[in-house]
Amino acid sequence: MDIAHCHLDGNADAVEFCPHESFHNVLAACTYTLQEGDQPSRTGSISLFDVDADSSRLSLINRVQTAGIFDIKWSPISGTVGPLLAQADADGYVRVHKLESCLDESQVPGNSLLEISDEHVSSSMCLCIDWNPSATSLAVGLSDGSVSITSLLESQLSISRDWKAHDFEVWAASFDIHQPQLVYTGSDDCKFSCWDLRDDPSNIAFQNRKVHTMGICCIAKSPSDPYTLLTGSYDEHLRVWDVRSTAKPVHETSISLGGGVWRIKYHPSVPDLVLTACMHNGFAIVKVKGDQPEVVETYNKHGSLAYGADWQRGRLEKNNVIATCSFYDQLLRVWMPEGNIPE
């Protein structure tokens with residue numbers, strides 16, 4: 001069921017609902033637009049929206065112009081800080097924005113983003129970003145194959161370590177939410193790796209280079225099962241892994257013919273249910289429990305590359321509100337699944 005839609009001011013590649021209490025209505029969407037020519041530039045923006053599914057409202061409340069952005073992530077609610085939004089951008093920066101509430105009654109009530117810190121991580125592009133559970137550091141994947149761990153202490157970003165992790169672009173870098181000393185990475189070199197931050201980074205915890213036949217786009221650890229982890233790849237497969245046995249996945253299924261799995265988002269309250277962005281083949285909701293993961297529902301109302309996807313948090317009956325975005329048509333959509341979501 002479609003709720004609302006709008007066009008952004010550039011090519012849309014990520015959407016993120018704020019997970020923090022009192023801000024579940026806030027949706028962030030980011031863009032990346034390459035201006036070609038003699039001196040090519042990569043520009044971008046973050047747009048904040050107020051989403052109210054009951055009244056089919058999708059209202060723009062704030063927009064920040066930035067470098068071209070590849071990824072954004074809200075800080076986890078398990079951290080000690082309020083809502084922070086981190087960006088990974090084409091200029092090689094990590095930037096952290098604070099979500100500020102507008103208290104002046106003479107203005108339109110809402111929220112805005114205030115940049116509180118930035119760090120030039122690399123001369124390469126920052127492609128992906130993820131918070132650790134305490135919101136004290138960020139894992140960043142870079143276009144030169146490096147991974148950077150950037151600490152955030154008292155609103156100051158600083159690089160705590162970086163290392164050459166892969167041969168090509170790192171599109172996925174993700175903390176293990178149950179064991180935050182572990183970071184998983186995936187790259188265009190088809191290698192799925194795990195690094196233990198207690199060791200020298202060159203001491204890799206594990207690496208699988210045989211299973212993915214094309215580059216790895218995304219990695220998602222199950223919030224409810226400390227042993228289950230999912231990977232998505234350009235090879236159109238969603239793979240289910242048991243992190244205790246990484247020689248091969250427990251199961252793999254092609255969730256969409258003709259669509260690389262670019263993003264995986266676990267449902268905020270229904271275990272084993274994930275939302276996937278499938279590039280050339282729209283979006284799919286997949287139940288991954290048991291031996292045979294199954295596609296529950298698909299959504300194909302976007303006209304170009306399906307990149308951004310997220311669930312809205314909040315009251316249980318509202319948890320099935322979804323935001324998705326697509327790249328070249330610059331389209332943001334908010335919708336609800338037509339069928340019943342399996343518990």
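Computation of the quantities below employed the complete heavy-atom set of this structure, encompassing side-chain atoms and omitting hydrogens, waters and symmetry-equivalent molecules.
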Exercise. Could you walk me through whether Thr228 and Lys221 pass side chain to side chain contact (heavy atoms under 4.5 Å, CB included), step by step?
Key: CA-CA 6 Å; Thr228 298; Lys221 184 78 185 293; over 6 Å; no
Quiz item: What's the verdict on side chain to side chain contact (heavy atoms under 4.5 Å, CB included) for Trp195 and Ile149, showing C-alpha distance, side-chain angles and the deciding distance?
Solution: CA-CA 11 Å; Trp195 313 85; Ile149 305 298; over 6 Å; no
Practice problem: Apply salt bridge (charged side-chain N to carboxylate O under 4.0 Å, His left out) to the pair Lys287 and Glu297, showing each step before the final yes or no. | Solution: CA-CA 10 Å; Lys287 188 74 172 175; Glu297 190 165 324; over 6 Å; no
Exercise. Please report the C-alpha distance between Trp131 and Leu84 in whole Å, then the side-chain angles of each, then the deciding distance to 0.1 Å, and finally whether the side chain to side chain contact (heavy atoms under 4.5 Å, CB included) criterion is met.
Key: CA-CA 10 Å; Trp131 292 89; Leu84 301 177; 4.0 Å; yes
Quiz item: Taking it one step at a time, do Gln330 and Asp9 satisfy side chain to side chain contact (heavy atoms under 4.5 Å, CB included)?
Solution: CA-CA 7 Å; Gln330 306 180 358; Asp9 61 334; over 6 Å; no
Practice problem: Before giving the answer on side-chain hydrogen bond (donor to acceptor under 3.5 Å, both in side chains), spell out for Ser45 and Thr31 the whole-Å C-alpha distance, their side-chain angles and the decisive distance to 0.1 Å. | Solution: CA-CA 5 Å; Ser45 64; Thr31 64; 3.0 Å; yes
Quiz prompt | Stepwise side-chain hydrogen bond (donor to acceptor under 3.5 Å, both in side chains) check, His267 with Asn320 | solution = CA-CA 8 Å; His267 191 284; Asn320 297 328; 2.9 Å; yes
Practice problem: Check step by step if salt bridge (charged side-chain N to carboxylate O under 4.0 Å, His left out) holds for Arg42 and Asp91. | Solution: CA-CA 8 Å; Arg42 296 173 171 89; Asp91 285 355; over 6 Å; no
Practice problem: Would you check, one step at a time, whether the test side-chain hydrogen bond (donor to acceptor under 3.5 Å, both in side chains) holds for His20 with Ser75? | Solution: CA-CA 9 Å; His20 291 259; Ser75 57; 3.2 Å; yes
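Under a 3.5 Å cut-off, the side chain of Ser304 and the backbone N or O of Tyr328 do form a donor-acceptor pair. At least one donor-acceptor pair under 3.5 Å links the side chain of Gln312 to the backbone N or O of His24. A donor-acceptor pair under 3.5 Å is absent between the side-chain atoms of Thr33 and the main chain of Gly10, judged by distance alone. The main-chain N or O of Pro180 is never found under 3.5 Å from a side-chain atom of His178 such that the two would form a donor-acceptor pair. Here the side chain of Asn62 pairs no donor or acceptor atom with the backbone of Leu48 at under 3.5 angstrom. With hydrogens and angles ignored, the 3.5 Å screen pairs no side-chain donor or acceptor of Lys98 with any backbone N or O of Leu114. Using a distance-only test at 3.5 Å, with no hydrogens or angles considered, no donor-acceptor pair links the side chain of Asp188 to the main chain of Gly215. The backbone N or O of Tyr93 sits less than 3.5 Å from a side-chain atom of Asp89, completing a donor-acceptor pair.
A continuous path of hydrophobic side-chain contacts links Leu275 to Val296 [ILVMFWY only; heavy atoms under 4.5 Å]. A chain of hydrophobic side-chain contacts below 4.5 Å, direct or via other Ile, Leu, Val, Met, Phe, Trp or Tyr residues, connects Phe17 to Leu60. Cluster annotation: Val81 and Ile129 are assigned to the same hydrophobic cluster (Ile/Leu/Val/Met/Phe/Trp/Tyr, side-chain heavy-atom contacts under 4.5 Å, transitive). When hydrophobic clusters are built by joining Ile, Leu, Val, Met, Phe, Trp and Tyr residues whose side-chain heavy atoms come closer than 4.5 Å, directly or via intermediates, Leu331 is not grouped with Leu8. Following chains of ILVMFWY side-chain contacts shorter than 4.5 Å, one cannot reach Ile219 starting from Val147, and the two form parts of different hydrophobic clusters.
Across all their heavy atoms, Trp74 and Pro19 have their closest contact at CB-CD, 3.4 Å. Listed here is the closest heavy atom pair of Ala306 and Gly282: CB-O, 3.4 Å. Of all non-hydrogen atoms in Gly303 and Asp329, the two that sit nearest each other are N-OD2, 2.8 Å. For the pair Ala173 and Val140, the tightest heavy-atom approach, listed with the atom from each and the gap, is CB-C, 4.3 Å. For the pair Ser117 and Ser155, the tightest heavy-atom approach, listed with the atom from each and the gap, is CB-O, 3.1 Å. When all heavy atoms of Phe175 and Leu138 are compared, the pair lying nearest together is CE1-C, 3.8 Å.
Residues satisfying the salt bridge (charged side-chain N to carboxylate O under 4.0 Å, His left out) criterion with Lys248, sequence neighbours excluded, are absent altogether.
For the residue pair His97 and Gln87, a side-chain donor N or O sits within less than 3.5 Å of a side-chain acceptor on the partner. Side-chain contact, Ser47 with Arg63: a donor N or O sits under 3.5 Å from an acceptor N or O. Between the side chains of Gln207 and Ser193, at least one donor-acceptor pair of N or O atoms lies under 3.5 Å. A donor atom on one side chain and an acceptor atom on the other are not found under 3.5 Å apart for Trp171 and Ser187.
Between Val288 and Val274 the shortest side-chain heavy-atom distance falls below 4.5 Å.
When the shell of 6.0 Å around CG of Asn340 is examined, it contains 12 or fewer heavy atoms from other residues, nucleotides or ligands.
Listed by first and then second residue, the salt bridge (charged side-chain N to carboxylate O under 4.0 Å, His left out) pairs that reach into residues 145-173 are Asp167-Lys191, sequence neighbours excluded.
For Phe283 and His302, the distance between ring centers is under 6.0 angstrom. In summary, the aromatic rings of Trp335 and Tyr299 are positioned with their centroids under 6.0 Å apart. With ring centers used as reference points, Trp241 lies under 6.0 Å from Phe192.
The structure places SG of Cys325 at 6.5 Å from CG of Leu332, a figure rounded to the nearest 0.5 Å. To the nearest 0.5 Å, atom OG of residue Ser143 and atom CG of residue Leu127 are 5.0 Å apart. Rounding to the nearest 0.5 angstrom, the gap separating the CZ atom in Phe49 from the CD1 atom in Ile61 is 9.0 Å.
Taking a 4.5 Å side-chain heavy-atom cut-off between Ile, Leu, Val, Met, Phe, Trp and Tyr, the cluster of Phe168 contains only that residue.
Checking Tyr307, Phe70, Trp262 one by one against Phe327, the ring pair (Phe, Tyr, Trp, His ring centres under 6.0 Å) holds for a single residue, Tyr307.
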